[in-house]
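Okay, so here's the structure we're looking at.
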Amino acid sequence: MLEKALAGSKGYYAWIGFLIILILIGLAAYLKQFQYGLGVTGMSRDVTWGLYISQFTFMVGVAASAVMVAIPFYLHDHKAFGPVVILGEFLAVAAVIVCVLFIFVDLGQPGRMLNLVLHPTPSSVMFWDMVVLMGYLLLNFIIGWTVLGTEKKGFPAPGWVKVLTYIAIPWAISIHTVTAFLFAGLPGRYYWLTAIMAARFLSSAFAAGPALLIIICLTLRKLTSFKTSAEAIQSLAKIVTYAMIANVFFVLLEVFTAFYSNIPGHMAALKYLFAGLDGYNNLVPFMWTAAVLAILGITLLLIPRMRRNEKVLVAALAAVFIASWLDKGIGLVLGGFVPNAFGKVTEYIPSLTEVMIIAGIYAIGFFVLTILYKVVIAVREQSPNAEH
Amino acid sequence: MNRRDFLKAIAALGVGGAAVYKGSNHLKAQAAVMKKSSEAKLAGHWAMVIDVSRFQKPDDIKQVAAACHRFHNVPKIDDPDHEIKWIWQEDFEHTFAELESQYLSEKIKKMDFPVLCNHCENPPCVRVCPTKATFKRADGIVAMDYHRCIGCRFCMAACPFGARSFNFIDPRLFIEEVNPELASRTIGVVEKCNFCVERLAKGQEPVCVKAAKGAIIFGDLDDPDSTVRKVLNENFFIRRKVELGTGPSIYYVIRGGVAGA
Ligand code: SF4
């Protein structure tokens with residue numbers, strides 16, 4: 001089926017070419033990092049994880065969000081999602097690949113990555129994260145590829161795929177729960193030390209992931225023969241709405257607990273993020289942008305007239321997506337390192353090399369996604385029962 | 001004996017030979033351990049009591065740190081973002097942030113405290129390490145295998161004491177005088193104080209203990225007759241962030257009674 005990715009329009013080739021250039025730039029930047037060490041990034045002794053790990057965290061959420069299409073379709077027989085399910089599954093595949101790459105470039109000794117497998121350590125959450133992510137990657141790839149293959153031949157998917165789709169549902173929840181546990185169990189990192197971390201992660205993922213998926217569907221509708229129904233778009237948009245409301249609600253719960261209890265450790269990171277601490281306030285504009293966009297997005301999505309207008313919808317979804325990204329793809333990881341173990345603040349600004357590597361990894365993600373979606377669309381165009 | 005049996009016999013000999021060889025190696029290893037243990041310092045739970053008031057001169061702690069860093073081939077990197085430190089000084093307000101008070105005596109406020117890895121009883125750094133590169137030994141020392149570390153820095157996020165440093169840049173370019181007895185680290189791995197396991201194995205006390213001339217007492221907490229236990233019995237002491245449950249093995253004694261405290 002992969003041969004279908006080879007033929008395409010001029011625009012398709014231009015897009016692929018653009019991605020390859022970004023990938024090459026990222027690769028060059030990575031070679032520099034490989035040679036000089038992580039000192040070329042903005043990370044430091046106090047802020048030991050930066051944008052790599054925060055992008056990883058955010059993208060695990062995007063990967064997990066495929067379940068928001070799978071649950072209504074497989075468990076509640078919501079037929080409108082039928083054509084979209086595979087887009088969700090392949091989005092998950094691309095997202096997990098991106099996650100693995102972010103972990104890889106974050107390692108100080110990437111050549112020893114296999115030690116994770118050679119010396120498996122069940123007490124480490126990272127071990128479990130590796131297990132669930134790899135499992136999830138396999139599940140989604142096998143499901144998507146098999147369904148597509150049988151669809152091409154005009155057969156219904158085999159029964160065992162159905163079993164895998166059921167397994168994939170709790171599995172999706174597990175990848176983001178375990179990722180939350182990477183942070184939530186560390187003594188002394190008060191911003192992360194919260195029982196609702198996994199709930200926050202899932203809610204923001206179920207807002208940002210489907211928001212991205214809708215935008216992708218609308219783009220495909222414009223550019224290709226893949227036409228997602230308005231009904232599917234609207235159902236997904238409602239999911240985004242309530243997930244985002246839950247996400248904002250959870251953040252407010254954190255604010256209450258921190259400030260009503262008045263415990264300095266619990267207040268410090270929130271103060272740093274939204275007001276600045278000891279004169280350090282790099283992230284304040286980002287966090288307030290996130291807050292404004294979140295409220296704006298929710299408001300637009302809640303008003304049916306607005307949500308049904310697809311132009312407004314795209315703006316609302318973009319607002320939700322960017323807000324979630326600012327909160328989780330920047331604030332969450334960086335906020336956890338403030339203040340440091342001695343009550344001091346060190347700020348982090350990513351270096352250009354770091355940003356180029358990040359762009360390269362996202363380009364790889366889009367590359368994989370484009371290839372997979374191209375195959376899907378080509379198969380659908382030829383398939384005997386094209387509407388499913 | 002036909003050809004097949006002959007081959008079998010040869011194979012058996014080979015296996016037996018390998019077993020004998022392995023056995024002799026094993027014996028050698030055991031002998032080495034025994035030789036080591038005959039002179040090694042052993043304990044059930046190594047710990048340190050730091051008598052802070054005995055670090056009186058402004059450079060006392062710096063000298064101790066310099067001795068440690070020289071011995072362990074710790075690079076001297078001035079950039080605070082990339083610096084490597086095993087033991088260093090912080091003031092009271094930063095060492096014991098949660099005990100800060102505006103009414104603290106000037107004397108305490110100005111006091112410097114040596115800080116280092118606490119060799120915690122329940123070390124979160126060990127718990128999170130995905131490769132067992134950081135591990136806790138039976139004698140309580142939290143040690144590291146620098147050849148196994150993949151540089152994920154999970155331990156640095158988990159350590160609530162800021163005790164760990166990461167080699168962001170090639171450390172070997174910043175070692176002024178290489179101590180040939182010990183290895184140095186490569187780029188991309190985490191490192192920290194190891195309570196001088198190499199010296200303990202030879203029956204010597206840690207470098208900082210020696211350099212501190214009595215201000216740092218080192219010993220076995222499991223031994224009720226040890227000096228550390230005696231000092232703890234006779235003095236009020238504090239440890240860093242006990243509320244986190246990691247169980248630090250570094251105890252700070254601030255002598256001087258009311259006048260001092
Ligand atoms: S002080 Fe930090 S590095 Fe040392 S044992 Fe405790 S948690 Fe681990």
Side-chain angles (χ1 to χ4, degrees), chain A residues 33-49 53 103-104 106-130 182-183 185-190 192-193 263-265 268 333 336-337 339-344 346 348, chain B residues 77 79-85 90-91 93-98 100 115 120 122 124-135 145-171 186-190 240-241 243-246:
Chain A
Q33 178 184 302
F34 188 77
Q35 198 173 358
Y36 293 98
L38 284 163
V40 301
T41 70
M43 289 185 268
S44 61
R45 198 180 184 280
D46 286 333
V47 185
T48 48
W49 283 339
I53 293 297
I103 291 287
F104 181 80
D106 189 64
L107 293 182
Q109 283 284 343
R112 298 181 189 162
M113 196 176 188
L114 272 185
N115 282 2
L116 286 168
V117 186
L118 297 176
H119 308 286
T121 311
S123 68
S124 172
V125 181
M126 203 172 276
F127 166 77
W128 293 106
D129 215 26
M130 176 187 70
L182 283 176
F183 300 96
L186 305 181
R189 302 276 178 203
Y190 289 105
W192 299 338
L193 192 73
I263 297 174
V333 172
F337 289 106
N340 75 1
F342 299 92
K344 299 176 194 166
T346 303
Y348 155 92
Chain B
I77 300 170
D79 178 357
D81 282 355
H82 297 158
E83 85 185 305
I84 310 283
K85 36 192 185 183
E90 294 280 349
D91 58 14
E93 184 194 340
H94 292 106
T95 312
F96 298 99
E98 62 288 346
E100 203 196 330
V115 292
C120 301
N122 302 301
C125 56
V126 171
R127 198 151 64 226
V128 302
C129 176
T131 62
K132 303 186 192 83
T134 291
F135 55 95
D145 178 347
Y146 301 115
H147 299 282
R148 192 183 279 195
C149 174
I150 58 173
C152 71
R153 311 187 296 296
F154 202 178
C155 55
M156 296 180 81
C159 170
F161 301 101
R164 296 177 157 263
S165 307
F166 179 72
N167 287 288
F168 281 100
I169 47 180
D170 188 354
T186 53
I187 202 165
V189 298
V190 173
R240 292 176 66 198
K241 303 188 184 181
E243 73 279 9
L244 297 178
T246 69

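By convention in this document, chain letters (A, B, ...) are assigned in the order of the sequence lines, proteins followed by strands, and residues within each chain are numbered from 1.
Contact count versus chain A (heavy atoms, under 4.5 Å) is highest, among A97(B), C159(B), P160(B), for P160(B). Here E90(B) is the residue among R240(B), E90(B), E100(B) with the most heavy-atom pairs under 4.5 Å with chain A. When each of L182(A), V40(A), V125(A), D129(A) is checked for heavy-atom pairs under 4.5 Å with chain B, L182(A) comes out on top. For the options R148(B), K241(B), E243(B), R127(B), heavy-atom pairs under 4.5 Å to chain A are most numerous at R148(B). Most heavy-atom pairs under 4.5 Å with chain B: of the set L107(A), V47(A), L118(A), this distinction falls to L107(A).
Here the closest non-hydrogen pair linking C152(B) and D106(A) is O-OD2, 4.0 Å. Contact between S124(A) and V128(B) at its shortest, heavy atoms only, is OG-O, 2.5 Å. Nearest heavy-atom pair across T121(A) and K132(B) is OG1-CG, 3.4 Å. Of all heavy-atom pairs between I187(B) and G37(A), the closest is CD1-CA, 3.6 Å.
There is no contact between E98(B) and chain A, counting heavy-atom distances below 4.5 Å. In this structure, the portion of V115(B) lying under 4.5 Å from any heavy atom of chain A is its side chain and not its backbone. Residue I53(A): no heavy atom, backbone or side chain, is found under 4.5 Å from chain B. Proximity to chain A is absent for every atom of F135(B), based on heavy atoms less than 4.5 angstrom apart. Heavy atoms of F183(A) lying under 4.5 Å from chain B are absent altogether. For P122(A), no part lies near chain B; criterion is any non-hydrogen pair under 4.5 Å. Contact annotation for R164(B): only backbone heavy atoms (N, CA, C, O) come within less than 4.5 Å of a heavy atom of chain A. Only the side chain of W192(A) comes within less than 4.5 Å of a heavy atom in chain B; its backbone stays farther off. If you measure heavy-atom distances from A133(B) to chain A, you find no contacts under 4.5 Å at all. Heavy atoms closer than 4.5 Å to chain B are found nowhere in F34(A), neither backbone nor side chain. Using a 4.5 Å cut-off between heavy atoms, T346(A) contacts chain B through its side chain alone, with no backbone atom that close.
Counting only distance, with no hydrogens or angles, the side chain of E93(B) and the backbone of F342(A) share no donor-acceptor pair below 3.5 Å. Using a distance-only test at 3.5 Å, with no hydrogens or angles considered, no donor-acceptor pair links the side chain of R45(A) to the main chain of P80(B). Put simply, the side chain of K344(A) never gets that close to the backbone of H94(B): no donor and acceptor are under 3.5 Å apart.
The shortest side-chain heavy-atom distance between L38(A) and F166(B) falls under the 4.5 Å cut-off. Residues F154(B) and L186(A) meet the side-chain proximity criterion, which asks for heavy atoms closer than 4.5 Å. Residues T131(B) and R112(A) are not in side-chain contact: their nearest non-hydrogen atoms beyond the backbone lie 4.5 Å or more apart.
The structure places CG of L114(A) at 10.0 Å from CD1 of I150(B), a figure rounded to the nearest 0.5 Å. The distance from the CE atom of M43(A) to the CE atom of M156(B) is 11.0 Å, given to the nearest 0.5 Å.
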